[in-house]
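Below, chain A is the first sequence line, B the second, and so on; all start at residue 1.
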2 protein chains.
Amino acid sequence: MEPEILELESFLPYRLYRLADTVSREFSRIYKERHGLTRPEWRTLSGLGQRGTMTATELGEQSAMHKTKVSRAVAELERRRWLTRTPDEKDRRVEHLALTKAGLAAYREMVPLAKAFERELLARLSVEERVAIARGVAALEKALEEKS
Amino acid sequence: MEPEILELESFLPYRLYRLADTVSREFSRIYKERHGLTRPEWRTLSGLGQRGTMTATELGEQSAMHKTKVSRAVAELERRRWLTRTPDEKDRRVEHLALTKAGLAAYREMVPLAKAFERELLARLSVEERVAIARGVAALEKALEEKS
DNA sequence: TTTCGATGGTTACAAATGAAACCAGTTTGG
DNA sequence: CCAAACTGGTTTCATTTGTAACCATCGAAA
């Protein structure tokens, strides 16, 4: 029996990672060049822009970030005066985060760029391919949620 | 006209990244727990196991790693005596890398685990979903190759 | 030849990350 | 009421990463 070989180029975890890495790296140029944001900072901005107000914990859940990443991103955005913290009345450990005018302005500027990026990426696929990626990604997401 | 909002949860770059991150993190437990390997080290092992002999540059291309990552991973595997370097006859800048017996043994041990991981992940999807993810990922890979 | 730009690979340094310890403050159970 | 367990969030420390500078060698052109 001959030794088994793994073909890295067709190994799903590798392919997914490389794909995500490439896409993410390319997209990051947008917020990096424009505002010098890191990915956690971008996600924080985006999360708060979308939902209006969240606590750090909620932010972490929504954008799949470890709490230390959230903590640092929030600190940096606060330093820029892009967000403010409001202590919770009932539970003094909790702070409610919200974007300031400046933060909201940055968010509003980024949204169309983000959408355009996604649109242009998907435009290179056929309709069936777009359906396939949407379906496949959704299926994997669901599978991972359930099992773990 | 109301302000545009970006829904992070449906934004493809974010979804891809989170997916890859989850899968990769879960898979990494296998080589991390078993041998204390980092991802670049695992990819190096895997690349050499698959191809037999490669230069550092080739390794970087095959496994999508920056050359510093390759350099460090190779150094570590060499330290473990899992690989050896053979200077190229014609070009003295180049070294040909190959796994030792020990390295090959580790590789052979890892391959079935990697395959099982992938199989179990895909087993949670329906046939159509498996087709969809394969097709979608391939399409995106192709789109990214061409454009950039 | 000699020089100069490219290439294979390593190293130094700064920034980003993760794990674990930590500090409040809160809840639970005795 | 009080101690113990828990939770929201921050900080510390070690590791990983990326960028850029670097060293050696090579190839092409003058």
Side-chain angles (χ1 to χ4, degrees), chain A residues 17-18 20-22 24-29 31-33 35-45 47-48 53-80 83-98, chain B residues 17-18 20-22 24-29 31-33 35-44 47-48 53-79 83-98:
Chain A
Y17 193 92
R18 193 184 49 178
D21 194 58
T22 306
S24 179
R25 209 182 280 286
E26 212 155 303
F27 177 58
S28 79
R29 289 222 304 262
Y31 53 75
K32 196 162 289 177
E33 284 175 5
H35 292 295
L37 293 176
T38 62
R39 188 168 45 226
E41 284 155 21
W42 149 250
R43 284 197 191 165
T44 300
L45 180 69
L48 291 177
T53 282
M54 275 194 282
T55 68
T57 302
E58 288 165 349
L59 241 173
E61 282 160 11
Q62 197 231 355
S63 54
M65 294 192 289
H66 187 79
K67 58 186 190 164
T68 62
K69 274 190 188 168
V70 175
S71 175
R72 287 160 183 152
V74 166
E76 168 60 20
L77 294 189
E78 184 185 32
R79 203 193 55 71
R80 291 185 184 219
L83 69 72
T84 53
R85 312 177 190 237
T86 314
D88 183 278
E89 293 297 312
K90 320 225 153 174
D91 186 338
R92 277 150 53 211
R93 292 169 304 182
V94 177
E95 291 172 324
H96 299 278
L97 310 166
Chain B
Y17 193 93
R18 194 185 48 180
D21 194 57
T22 308
S24 178
R25 209 183 282 285
E26 214 155 302
F27 177 58
S28 79
R29 289 221 304 263
Y31 52 76
K32 197 162 289 175
E33 284 176 6
H35 292 295
L37 294 174
T38 63
R39 186 168 45 227
E41 285 155 20
W42 149 251
R43 284 197 191 165
T44 300
L48 292 177
T53 282
M54 276 195 282
T55 67
T57 303
E58 288 166 348
L59 241 174
E61 282 160 11
Q62 196 231 354
S63 55
M65 294 192 290
H66 188 80
K67 58 186 190 164
T68 62
K69 275 191 189 168
V70 174
S71 175
R72 286 161 184 152
V74 166
E76 168 61 20
L77 294 190
E78 185 186 30
R79 203 192 57 69
L83 69 73
T84 54
R85 313 177 191 236
T86 314
D88 183 280
E89 294 296 313
K90 319 227 154 173
D91 186 339
R92 277 153 52 214
R93 292 169 304 181
V94 177
E95 292 171 324
H96 299 278
L97 309 167

Of all residues at least two apart in sequence or in a different chain, which pass the salt bridge (charged side-chain N to carboxylate O under 4.0 Å, His left out) check with A:R25? A:D21
Which residues satisfy the side-chain contact (heavy atoms from CB on, under 4.5 Å) test with B:T53, sequence neighbours excluded? B:H96, B:A98
Could I get the full list of side-chain contact (heavy atoms from CB on, under 4.5 Å) partners for A:D91, not counting sequence neighbours? A:D88, A:R93, A:V94
Between atom OG of B:S63 and atom CG of B:L48, what is the distance when rounded to the nearest 0.5 Å? 9.0 Å
Which residues pass the ring pair (Phe, Tyr, Trp, His ring centres under 6.0 Å) test with A:Y31, sequence neighbours left out? A:F27, A:W42
Interatomic distance, A:E41 atom CD to A:L77 atom CG [nearest 0.5 angstrom]: 5.5 Å
Of A:D21 and A:S71, whose closest DNA chain D nucleotide lies nearer the 5' terminus? A:S71
Where protein sits on nucleotides 12-17 of chain C, one letter per nucleotide: B base, S sugar-phosphate only, - none, heavy atoms under 4.0 Å: BB--SB
Return the nearest nucleotide to the side chain of B:R85; candidates are C:dT10, C:dA19, C:dG8. C:dT10
Axis-to-axis angle across the helix from C:dT1-D:dA30 to C:dG30-D:dC1, five pairs each end, nearest 10 degrees, ~ 10°
Chain B on DNA chain D: first and last contacting nucleotide, 5' to 3', under 4.0 Å to a heavy atom? D:dT16 to D:dC26
Any donor and acceptor pair, going by atom type alone, linking the side chain of A:Q62 with main-chain N or O of A:L59 inside 3.5 Å? no
Might you list the N or O atoms of the protein lying below 3.5 Å from N or O atoms in nucleotides 22-26 of chain C, with each pair's distance?
from: C:dG25; atom 1: N2; to: A:R93; atom 2: NH1; distance (Å): 3.0
from: C:dT26; atom 1: OP1; to: A:R92; atom 2: N; distance (Å): 2.9

Would you give the length of the straight line joining atom CG of A:L83 to atom CE of A:M54, rounded to the nearest 0.5 angstrom? 11.0 Å
Kindly indicate, with the supporting measurements, whether the criterion side-chain contact (heavy atoms from CB on, under 4.5 Å) is fulfilled by A:T44 and A:M65. CA-CA 9 Å; A:T44 300; A:M65 294 192 289; 3.6 Å; yes
Excluding sequence neighbours, so at least two apart, what forms side-chain contact (heavy atoms from CB on, under 4.5 Å) with A:S24? A:R39, B:Y17
All salt bridge (charged side-chain N to carboxylate O under 4.0 Å, His left out) counterparts of A:E78, not counting sequence neighbours: A:R85
I'd like to check the side-chain contact (heavy atoms from CB on, under 4.5 Å) partners of A:E61; sequence neighbours left out, ordered by chain and number. A:T57
List the atom pairs, donor and acceptor, that lie under 3.5 Å between side-chain atoms in residues 66-76 of chain B and the rest of the protein, sequence neighbours left out.
from: B:E76; atom 1: OE1; to: B:R79; atom 2: NE; distance (Å): 3.1
from: B:E76; atom 1: OE2; to: B:R79; atom 2: NH2; distance (Å): 3.1
from: B:E76; atom 1: OE2; to: B:R80; atom 2: NE; distance (Å): 3.2

